[in-house]
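Just below is one structure, and these are the notes that go with it.
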Amino acid sequence: MEHPLKIYNTLSRQKEQFIPANGVNTGMYVCGPTVYGDPHLGHARSAITFDILFRYLKYLGYNVRYVRNITDVGHLVHDADDGDDKISKQARLEQLEPMEVAQLYANRYHMFMNDLNLLPPSIEPLASGHIIEQIALTQEILDNGYAYVSEGSVYFDVEKYNASHPYGILSGRNIDDMLSATRELDGQDEKRRSIDFALWKKAKPEHIMRWPSPWSEGFPGWHCECTAMGRKYLGNRFDIHGGGMDLIFPHHECEIAQAVASQGSNPVRYWMHNNMITLNGQKMGKSLGNAITLAQFFNGEHPLLEQAYAPTTIRFFILQAHYRSTADFGNEALKASEKGLARLHDAWTSLNQLAPAAASSANISDIASGCAAAMNDDLNTPVLISHLFDAARIINSAKDGRTGLSADDLNELRRIFQSYFFDILGMNSSSEAPAREEAFGKALDLLLDLRRQAKESKDWATSDKIRNALAEAGFEIKDTKDGTEWKLT
Ligand code: ZN
């Protein structure tokens, strides 16, 4: 398959032409959420970034196996080797079983991702369902001499590994700098060096999530799951591994070390990372205490939000920034996205109503090639969107009768919108939802108008009938001096 898609590889620090190892078959692994709370804007950004990649690869004709995991065990508070398991901690707070917490927030994650019109991944493995694979991985690393057992836990020996393989190739960090930047161990610690990381942790007596292993009853270190599940479902070497930039170190650096130390080779050909969402220039995140959840965006109930925002607005806002740039959250930016999105939907509606002109006065082929070039340039969605706005201007000009569009032009514009706006940017669910809502509103207005007329002509039977039927259907009708208000109860 010949095409010029280029993606930025974090490992080589440059844009590279994407050439899958296995022809039309390709695989991508993306680090999914740790399910102990509602997803926030950062989760949405990562999920949407790789949804675009998934959609675009499929659009180009690849068979894509997309694996996105769910972390339900092993991810400790502060990403450290000591401390509480994030899910166990939440379980105590909510007085639930840890698996209840994981299930609850996995369900809610799926619900919100569905609202954002994400395609479901091909495989969505759970860390807790792959304990055997993670124990096997840990054993391989021990057998190869790159790990040691200490007090029932198993740690990766970073210094030993670094003697033969560079540790830090992904993040660009240097082991000496890392050693001097971290605290000296006081001799009480189980680890030999502060930069060593856990492959297996012996569970403390109060720790609920535990499994038997050759070393202790315990649980796997956080980094193990992605190495174990990535190679199980995509093979020892696969094309793309993605995630948020905050995962480059230590998570992805450790994944590379674990794979090399176990199977002897690098696991991934292209590493891709999306940038963060900022709030007044500061990183937004649950651990920083300034994260707004998607639920809050959708209902508008957060002190920083001036209104509620539809999921499609959030999706469009995220796509208006390139995935490797920061996206700065703000009400003004979100409202501008809302308007811009409405403009594109209106253009699509107009496009489908335009009659072809005999002669054409617009150059549509430039727009088509611009859209393709933007996507091939490391998924440059903001540039793609600017071409769609150009298309909208051409459509509006034809609608106003200033220019003409031939039948071929109209077809090509429809193809551009269908491919790029709906299929690749995934803005299609919104095209139906507002139209449905509009039709719904009009039907309700008509009923209320009929009821008003009935009341004016003192036809109380009809007016009560409408009111009662609406109440039965779940509407609360309130007459005010300005007219009639309604809400769904
Ligand atoms: Zn991961």
Side-chain angles (χ1 to χ4, degrees), residues 30 32-33 38-59 66 68 108-121 242 244 274-279 284 291-300 302 305 307-348 371 374-375 379-389 392 417-437:
V30 173
D38 267 352
H40 52 74
L41 208 52
H43 289 107
R45 188 169 202 201
S46 183
I48 289 171
T49 296
F50 295 102
D51 184 55
I52 296 295
L53 177 64
F54 184 38
R55 286 167 179 269
Y56 193 53
L57 290 173
K58 293 211 294 185
Y59 171 81
Y66 173 20
R68 188 184 66 207
R108 288 181 65 80
Y109 180 79
H110 289 139
M111 183 179 81
F112 289 116
M113 295 305 121
N114 193 45
D115 287 343
L116 289 168
N117 200 28
L118 262 79
L119 299 178
N274 64 279
N275 211 321
M276 303 289 107
I277 301 269
T278 56
L279 171 64
M284 193 187 256
I292 306 175
T293 66
L294 291 173
Q296 290 167 326
F297 274 105
F298 299 166
N299 65 25
H302 189 282
L305 297 174
Q307 60 171 76
Y309 297 97
T312 44
T313 303
I314 300 294
R315 185 177 174 104
F316 194 65
F317 164 74
I318 284 172
L319 293 173
Q320 281 184 296
H322 186 256
Y323 76 91
R324 284 194 293 116
S325 311
T326 54
D328 201 40
F329 155 80
N331 283 288
E332 293 317 306
L334 279 167
K335 285 181 205 166
S337 293
E338 202 172 40
K339 277 200 191 118
L341 184 56
R343 228 163 60 229
L344 291 176
H345 278 301
D346 289 348
W348 170 248
C371 288
M375 282 309 289
L379 313 178
N380 201 329
T381 53
V383 170
L384 168 62
I385 289 168
S386 75
H387 289 301
L388 293 175
F389 279 126
F417 262 80
Q418 188 59 53
S419 300
Y420 291 98
F421 187 59
F422 295 121
D423 297 346
I424 294 168
L425 293 182
M427 305 310 302
N428 41 338
S429 72
S430 60
S431 65
E432 295 153 25
R436 264 205 309 272
E437 245 165 64

Are F297 and H302 an aromatic pair, judged by ring center distance below 6.0 Å?
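Ring-ring flag for H302/F297: false, centres at least 6.0 Å apart.
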
I'd like to know whether Y66 forms a side chain to side chain contact (heavy atoms under 4.5 Å, CB included) with L119, so could you lay out the CA-CA distance, the side-chain angles of the two residues, the decisive distance to 0.1 Å, and finally the verdict.
CA-CA 10 Å; Y66 173 20; L119 299 178; over 6 Å; no

Determine whether H40 and I277 satisfy the following criterion, side chain to side chain contact (heavy atoms under 4.5 Å, CB included), listing intermediate values before the conclusion.
CA-CA 10 Å; H40 52 74; I277 301 269; over 6 Å; no

Spatial distance of atom [atom1] ([X]) from atom [atom2] ([Y]) [nearest 0.5 Å]:
{"X": "L334", "Y": "I318", "atom1": "CG", "atom2": "CD1", "result": "9.0 Å"}
{"X": "T293", "Y": "D38", "atom1": "OG1", "atom2": "CG", "result": "5.5 Å"}
{"X": "L379", "Y": "I424", "atom1": "CG", "atom2": "CD1", "result": "10.0 Å"}
{"X": "M111", "Y": "L116", "atom1": "CE", "atom2": "CG", "result": "11.0 Å"}
{"X": "Q418", "Y": "W348", "atom1": "CD", "atom2": "CH2", "result": "5.0 Å"}
{"X": "L53", "Y": "N274", "atom1": "CG", "atom2": "CG", "result": "11.5 Å"}

Measure up the [X] and [Y] rings against each other and bin them: parallel (under 30°), tilted (30 to 60°), perpendicular (over 60°).
{"X": "F112", "Y": "F298", "answer": "tilted"}
{"X": "Y420", "Y": "Y59", "answer": "tilted"}
{"X": "H43", "Y": "Y109", "answer": "perpendicular"}
{"X": "F417", "Y": "F422", "answer": "tilted"}

Are any of the side-chain heavy atoms of [X] and [Y] separated by less than 4.5 Å?
{"X": "H110", "Y": "P120", "answer": "no"}
{"X": "Y309", "Y": "N331", "answer": "yes"}
{"X": "L294", "Y": "L41", "answer": "yes"}
{"X": "M427", "Y": "L344", "answer": "no"}

Has the side chain of [X] got a donor or acceptor atom that lies under 3.5 Å from a matching backbone atom of [Y]?
{"X": "R45", "Y": "M276", "result": "yes"}
{"X": "R315", "Y": "A44", "result": "no"}
{"X": "S337", "Y": "A333", "result": "yes"}

In chain order, what residues pass the side chain to side chain contact (heavy atoms under 4.5 Å, CB included) check against R324, with sequence neighbours excluded?
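With sequence neighbours excluded, R324 shows a side chain to side chain contact (heavy atoms under 4.5 Å, CB included) to Y8, K15, H322, D378, given in chain and number order.
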
Heavy-atom pair of closest approach, residues [X] and [Y]:
{"X": "R68", "Y": "G32", "answer": "CG-CA, 3.8 Å"}
{"X": "D51", "Y": "N117", "answer": "OD2-O, 3.8 Å"}
{"X": "D328", "Y": "F317", "answer": "O-CZ, 3.6 Å"}

Between side-chain atoms of residues 380-388 and protein atoms elsewhere (two or more places apart, or another chain), which donor-acceptor pairs fall under 3.5 Å?
unit_1, atom_1, unit_2, atom_2, d
N380, OD1, V383, N, 3.4
T381, OG1, L319, O, 2.7
S386, OG, V383, O, 2.7

